[in-house]
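See below for the structure under consideration.
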Amino acid sequence: MSRSSRPFRLAAAALLAASWGAASARADDMPVIKVEMRDGVILPATIEVPANTRFKLEISNTGQSPVEFESTELKREKALAGGSTSAIVFRTLDPGTYQVFDDFHPEAKATLVAK
């Protein structure tokens, strides 16, 4: 490596490392809202989330049967096997009330409230 390209490479490496750190910090600062799904039940029945803020919805299926967290209004769905956990990241959500349901258990419904 020539002496003239060394400062450029060091600066590029530092910039790359800083961007990784910033992305990690943003992910760590993101609110995490937990939802439990269990054999036809969604808890809590009213899921409160921050409006106009990036957040993560962490969904745990504590039951034995598969579940599918779904909202046609939000155009989001996530299927989970029994005993598994997964997440959906929402960039932002306008203030309002959105209906969610378990596509595998039609009786399981909840309301997601962004405020």
Side-chain angles (χ1 to χ4, degrees):
M1 160 174 34
S2 72
R3 285 184 176 261
S4 63
S5 66
R6 182 177 290 165
F8 174 75
R9 289 183 185 203
L10 289 174
L15 182 60
L16 187 58
S19 68
W20 284 336
S24 175
R26 279 194 305 269
D28 292 343
D29 293 342
M30 185 185 323
V32 177
I33 291 73
K34 297 185 181 219
V35 174
E36 177 185 355
M37 298 182 75
R38 179 183 65 241
D39 301 321
V41 177
I42 302 173
L43 297 171
T46 301
I47 306 160
E48 293 186 6
V49 301
N52 303 315
T53 304
R54 183 180 169 101
F55 68 92
K56 182 189 297 186
L57 197 64
E58 184 178 281
I59 306 160
S60 295
N61 179 1
T62 59
Q64 300 297 312
S65 63
V67 298
E68 183 173 5
F69 180 92
E70 186 164 348
S71 173
T72 51
E73 295 170 287
L74 297 171
K75 298 180 176 112
R76 298 293 180 99
E77 59 185 291
K78 178 69 77 169
L80 293 99
S84 65
T85 298
S86 189
I88 302 172
V89 174
F90 289 82
R91 287 182 165 214
T92 61
L93 209 53
D94 290 333
T97 301
Y98 306 89
Q99 300 307 309
V100 299
F101 59 95
D102 178 350
D103 203 24
F104 296 149
H105 302 91
E107 71 281 5
K109 298 178 191 301
T111 304
L112 190 140
V113 180
K115 53 183 177 177

Which atom pair, heavy atoms only, marks the closest approach of Gln64 to Asp39? N-OD1, 3.2 Å
Just list the side-chain donor-acceptor pairs under 3.5 Å for residues 104-115, sequence neighbours left out, or say none.
| residue | atom | partner | partner atom | Å |
| --- | --- | --- | --- | --- |
| His105 | ND1 | Asp102 | OD2 | 2.7 |
| His105 | NE2 | Ser65 | OG | 3.2 |
| Lys109 | NZ | Pro106 | O | 3.3 |

Can you hop from Ile47 to Phe55 via hydrophobic side chains spaced under 4.5 Å? yes
Pro50 side chain near Ile33 side chain, heavy-atom distance below 4.5 Å: yes
Report yes or no: does Thr53 contribute a side-chain atom to a donor-acceptor pair with the main-chain N or O of Ala51 at less than 3.5 Å? yes
Let me check something: do Leu74 and Ile42 share a hydrophobic cluster, defined by ILVMFWY side-chain heavy atoms less than 4.5 Å apart, either directly or through other members? yes
From NZ (Lys34) to CD1 (Ile59), nearest 0.5 Å: 12.5 Å
Interatomic spacing from OG1 in Thr85 to CD in Glu36 - rounded to 0.5 Å: 9.5 Å
Could you name each residue pair satisfying salt bridge (Lys or Arg N to Asp or Glu O under 4.0 Å) that touches residues 76-88, not counting sequence neighbours? none
Using modelled atom types and a 3.5 Å cut-off, is there a donor and acceptor pairing between side-chain atoms of Asn61 and backbone atoms of Ala81? yes
Distance-only check: which donor-acceptor pairs under 3.5 Å involve side-chain atoms of residues 87-101, not counting sequence neighbours?
| residue | atom | partner | partner atom | Å |
| --- | --- | --- | --- | --- |
| Tyr98 | OH | Asp94 | O | 2.8 |

